[in-house]
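To start, the structure itself, in structure tokens.
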Amino acid sequence: MSIKNHLNQRLSAAMIAAGIPKDCQPILALSARPKFGDYQANGAMAAAKRLGVNPRALAQQIVDQVDLDGIAERIEIAGPGFINLHLSRTFIGEQLGRSLDPETCERTASNVVIDYSSPNLAKEMHVGHIRSTIIGDCLARVLEYRGDHVIRQNHMGDWGTQFGMLIAELELHLGAGERGDLALNDLEKFYQQAKRHFDEDPDFADRARAYVVRLQSGDEHCLALWQQFIATSVAHNLEIYRRLNVGLSAEHVQPESTYNNQLEAIVSKLTECGLAVDDQGAKVIFLDDLADKKGQPSAMIIRKSDGGFLYATTDLAALEYRAQTLAADRILYFIDARQALHMKQVFSAGRKAGLVAADVDLEHHAFGTMMGRDGKPFKTRDGGTVKLAGLIDEAEERAARLIREKNPNLDDRQIADIARKLGIGAVKYADLSKTRTTDYIFDWEAMLSFEGNTAPYLQYAYTRICSIFRRADVDRTAHSAPVIIGTDAEKSLALQLLQFDEIIEQVATECYPHVLCTYLYDLASAYMSFYECCPILKSNVSPEDRASRLQLSALSATTLARGLDLLGIEVMQQM
RNA sequence: GCACCCGUAGCUCAGCUGGAUAGAGUAGGUGGCUUCGAACCACUUGGUCGGGAGUUCGAAUCUCUCCGGGUGCGCCA
């Protein structure tokens with residue numbers, strides 16, 4: 001149990017004993033300044049306001065009642081009624097010993113479906129896909145770590161009008177005697193060729209449109225071309241995932257087309273229950289709960305007047321599949337904020353139609369639009385997009401150059417391995433460390449930076465610890481010793497280590513990975529400060545201090561590695 | 001027109017259900033490697049938290065309003 005929970009229990013009990021209503025919280029937080037102790041409880045002031053009594057007097061009553069023997073060595077009331085808690089150093093040391101036991105982590109066991117990455121297969125993956133892919137993957141790891149059963153769903157876009165154009169292009173290449181896999185080697189170029197043919201050649205455009213219809217009606221020739229195209233594109237995406245160390249593989253691919261044969265049934269079901277109605281030839285769902293101020297309901301078309309289905313239909317079918325077949329307790333969508341209204345509509349309609357039970361959590365975790373350095377929507381100089389494959393190449397090259405410069409003793413194989421972990425880590429951390437919901441600036445320099453609050457800083461802290469254990473000739477994973485909290489640096493580090501579980505809990509419920517990034521950065525900083533002022537292997541250090549400091553180092557390494565792993569970032573023994 | 005999101009240091013960003021003197025990174029300045037890895041550490045310069053009003057012991061945080069930016073809104077996905 002975390003220290004915060006510990007204190008929460010004791011203070012809650014004291015508040016009840018002092019006659020304060022049960023729903024008043026202690027409101028515990030880390031103290032703003034060292035002179036205010038380690039933790040502070042701000043609940044007395046809020047409770048006093050409600051009860052109409054003097055806040056300082058109420059704080060005193062709580063302090064009179066609270067039992068923190070062996071936990072806090074000093075309790076003070078300050079200002080209008082802050083309760084400042086100075087923790088016992090012995091207690092901190094004991095708690096650290098307990099945190100070695102993995103069984104202390106509270107487990108959950110929900111069925112959680114996570115929809116993330118979900119790129120369109122018509123084009124190559126570009127930087128616009130990175131947030132969903134990386135953030136979704138982080139949450140999958142975090143939820144799995146705390147015990148949930150995670151079902152990854154890569155809802156790839158493999159269906160729609162643009163595929164008529166693409167298979168017409170592919171047919172053109174094959175007709176010229178070209179090999180399909182070679183023609184599709186550069187998906188981006190291929191798409192642009194198809195687009196140009198479509199725009200400039202009326203015959204091609206007609207053929208493309210006809211192919212869409214033939215594809216939808218199950219024409220074998222078109223399906224074969226389509227499957228060849230899809231297979232190549234999926235393979236490209238899986239390669240990107242592998243290079244990014246993202247836990248998505250072929251088994252998680254559940255593309256739009258898999259719902260094709262359920263769309264008819266979905267529309268029937270929604271019509272029969274009276275939710276979907278005919279309007280101007282189309283099937284439309286009007287949602288009163290999403291109406292504007294004037295009472296105009298929000299409209300969602302699930303079937304066009306020409307009989308065609310839309311992505312709303314597919315999303316409803318996917319929602320039913322996830323809730324019913326996959327038996328989800330919680331369904332998370334990591335999708336661009338621009339689709340916020342669409343997601344609300346799907347959730348609302350899905351619940352009203354009974355596709356998903358009321359006790360299933362539906363959560364759209366949005367993120368902002370990617371902007372250029374000028375604050376406008378991002379484009380490269382020639383108006384294109386930055387491909388993920390290129391970004392990964394660049395990250396690895398930059399990392400390799402830096403390693404060669406900093407550490408000339410490494411051989412080429414070591415450099416390649418470290419460069420991969422370092423470069424990819426920098427790219428992922430740059431994204432994960434920013435609050436998910438806001439628009440974000442795409443900045444090569446910041447993303448590939450190796451200084452300051454970056455993944456390499458955290459990886460560096462880890463390698464420093466590894467280096468100490470190599471020098472001491474001690475097995476880090478086997479080392480075990482009591483922790484003695486002497487200096488302030490040791491205390492800060494210890495308190496930081498003890499917050500890991502509550503941070504994981506917070507990330508699991510709120511789905512904000514940047515909270516974990518901030519925590520790990522603070523942990524690494526605390527370790528760096530500790531490292532500067534607390535010698536470990538020097539001759540003037542007592543055996544007890546040496547063992548204790550090695551213990552703190554081992555715990556720091558374990559926590560850093562675990563936290564980085566949950567972010568999808570790897571560590572290395574040296575760099 | 002309607003709806004949602006966002007304005008915090010030169011730049012990129014934190015700031016937990018309202019809490020004490022608004023914090024990091026980066027950029028600028030100073031100092032620290034014959035001693036556990038300087039991709040580091042210790043100091044330092046820099047902000048009327050977009051403007052205004054309200055709620056109260058207390059507001060970057062909650063409410064309203066205005067300004068500025070972004071996004072979305074029945075037959076694309």
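- A/Phe530 pairs in a side chain to side chain contact (heavy atoms under 4.5 Å, CB included) with only one of the listed residues (A/Asp488, A/Ile536, A/Thr487), which is A/Ile536.
- Separation of the A/Tyr311 and A/His342 ring centroids falls under the 6.0 Å cut-off.
- The interatomic distance linking A/Lys304 (NZ) with B/rA77 (C1') rounds to 11 Å, in whole Å.
- Of the candidates B/rC57, B/rA77, B/rG25, the closest approach to any side-chain atom of A/Met45 belongs to B/rC57.
- Every salt bridge (charged side-chain N to carboxylate O under 4.0 Å, His left out) that A/Lys195 has, sequence neighbours left out, goes to A/Asp199.
- Dashed line: the shortest gap from a side-chain N or O of A/His514 to OP1 or OP2 of B/rG15 is under 4.0 Å.
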*Reading nucleotides 29-40 of chain B 5' to 3', which nucleotides get B (base under 4.0 Å from a protein heavy atom), which S (sugar-phosphate only), which -?*
------BBBSBS

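- Between A/Ser433 and the phosphate of B/rC13, there is no side-chain N or O to OP1/OP2 separation shorter than 4.0 Å.
- Considering every non-hydrogen atom in both A/Val346 and A/Leu316, the closest pair reads O-CD2, 3.6 Å.
- Between the NE2 atom of A/His342 and the C1' atom of B/rU71 there is a distance of 16 Å, rounded to whole Å.
- Contact record, A/Ala472 with A/Arg546: CB-NH2, 4.0 Å, taken as the closest heavy-atom pair.
- At whole-Å resolution of the value, CG in A/Leu520 and C1' in B/rG25 are 16 Å apart.
- Annotation: B/rG23 and B/rC62 have their C1' atoms spaced 22 Å apart (nearest Å).
- At whole-Å resolution of the value, CG in A/Leu121 and C1' in B/rA77 are 12 Å apart.
- To the nearest angstrom, P of B/rU12 lies 19 Å from OH of A/Tyr429.
- With a 3.5 Å limit on both pairing distances and Watson-Crick or G-U wobble geometry required, the stems of 3 or more pairs in RNA chain B span B:1-5 with B:69-73, B:10-13 with B:23-26, B:28-32 with B:40-44, B:50-54 with B:62-66.
- Looking only at atom types and distance, the side chain of A/Gln345 has a donor-acceptor partner in the side chain of A/Ser298 under 3.5 Å away.
- Of the candidates B/rU17, B/rC76, B/rG23, the closest approach to any side-chain atom of A/Leu310 belongs to B/rC76.
- Residues A/Tyr39 and A/His6 keep their aromatic ring centres 6.0 Å or farther apart.
- Between A/Lys283 and B/rC75, a side-chain N or O to OP1/OP2 separation shorter than 4.0 Å is absent.
- Going from atom CE of A/Met165 over to atom P of B/rC76 covers 16 Å, rounded to whole Å.
- Each of B/rG72, B/rC16, B/rU12 was ranked by its minimum atom distance to the side chain of A/Arg338; first place goes to B/rG72.
- Closest contact between the side chain of A/Thr161 and the listed nucleotides B/rC2, B/rG19, B/rC76 involves B/rC76.
- Nearest-nucleotide positions on RNA chain B place A/Ala340 closer to the 5' end than the other of A/Ala340 and A/Lys49.
- B/rG31 sits 30 Å from B/rU12 when the P atoms are compared, rounded to a whole Å.
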